[in-house]
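Everything below concerns the one structure shown next.
Counting begins at 1 with the first residue of the sequence.
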Amino acid sequence: MRGKVKIINTNIDLEASQMTREQIIAAATIMVRYDDAEYPEGYEKNLKEGEDGYIEPVYRFEQEIDLGALDRFGVVLS
């Protein structure tokens, strides 16, 4: 899932939107997927399920704030 910051491209867009600081942070919040599975050195990550040597990914999802998006609009987290 991507944030909704793409609708605001410049500080002028931001001012015209009249978004609050909280709304900007919410729009810059994205869901990030991490793979916590342990793979041996040299593991071929292109293997498909059912192929010899395939290791099932262990996905973990976390919400994170896209700090680059906040920087573009001058929002600083305290």
Side-chain angles (χ1 to χ4, degrees):
M1 176 177 168
R2 294 199 176 262
K4 300 173 188 167
V5 176
K6 64 184 176 188
I7 62 172
I8 300 173
N9 295 312
T10 67
N11 282 331
I12 294 169
D13 295 338
L14 178 61
E15 290 172 18
S17 76
Q18 299 180 353
M19 290 177 71
T20 65
R21 181 179 188 277
E22 291 76 21
Q23 289 171 322
I24 295 166
I25 292 170
T29 300
I30 58 175
M31 187 66 68
V32 179
R33 180 180 76 179
Y34 294 96
D35 183 358
D36 290 338
E38 293 188 22
Y39 299 99
E41 190 173 327
Y43 176 74
E44 176 57 52
K45 290 195 174 193
N46 292 325
L47 290 173
K48 305 274 187 254
E49 189 172 352
E51 294 180 338
D52 286 341
Y54 174 78
I55 297 174
E56 178 119 13
V58 178
Y59 292 126
R60 168 177 48 94
F61 296 88
E62 291 189 16
Q63 282 191 335
E64 295 184 6
I65 297 173
D66 181 349
L67 297 177
L70 294 184
D71 286 345
R72 287 197 312 269
F73 306 115
V75 174
V76 178
L77 295 177
S78 47

>> For residues 17-34, which residue pairs pass the salt bridge (charged side-chain N to carboxylate O under 4.0 Å, His left out) check, not counting sequence neighbours?
In response: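 Found none.
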> Which heavy atom in Pro57 sits nearest to a heavy atom in Ala37, and how many Å separate them?
Replying inline: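 Closest approach of Pro57 to Ala37, heavy atoms only: CA-CB, 4.1 Å.
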With [X], which residues qualify under side chain to side chain donor-acceptor pair (under 3.5 Å), at least two apart?
X: Arg60; result: Asp36, Glu62
X: Glu38; result: none
X: Tyr59; result: none

> Can you tell me how far the CD1 atom of Ile24 sits from the CG atom of Leu70, to the nearest 0.5 Å?
Replying inline: 8.0 Å
> To the nearest 0.5 Å, what is the distance between CG (Asp66) and CD1 (Ile25)?
Replying inline: 12.5 Å
> Got a sec, which hydrophobics cluster with Ile55, joining ILVMFWY side chains under 4.5 Å apart, including via others?
Replying inline: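 Joined to Ile55, directly or through intermediates: Tyr39, Tyr43, Leu47, Tyr54.
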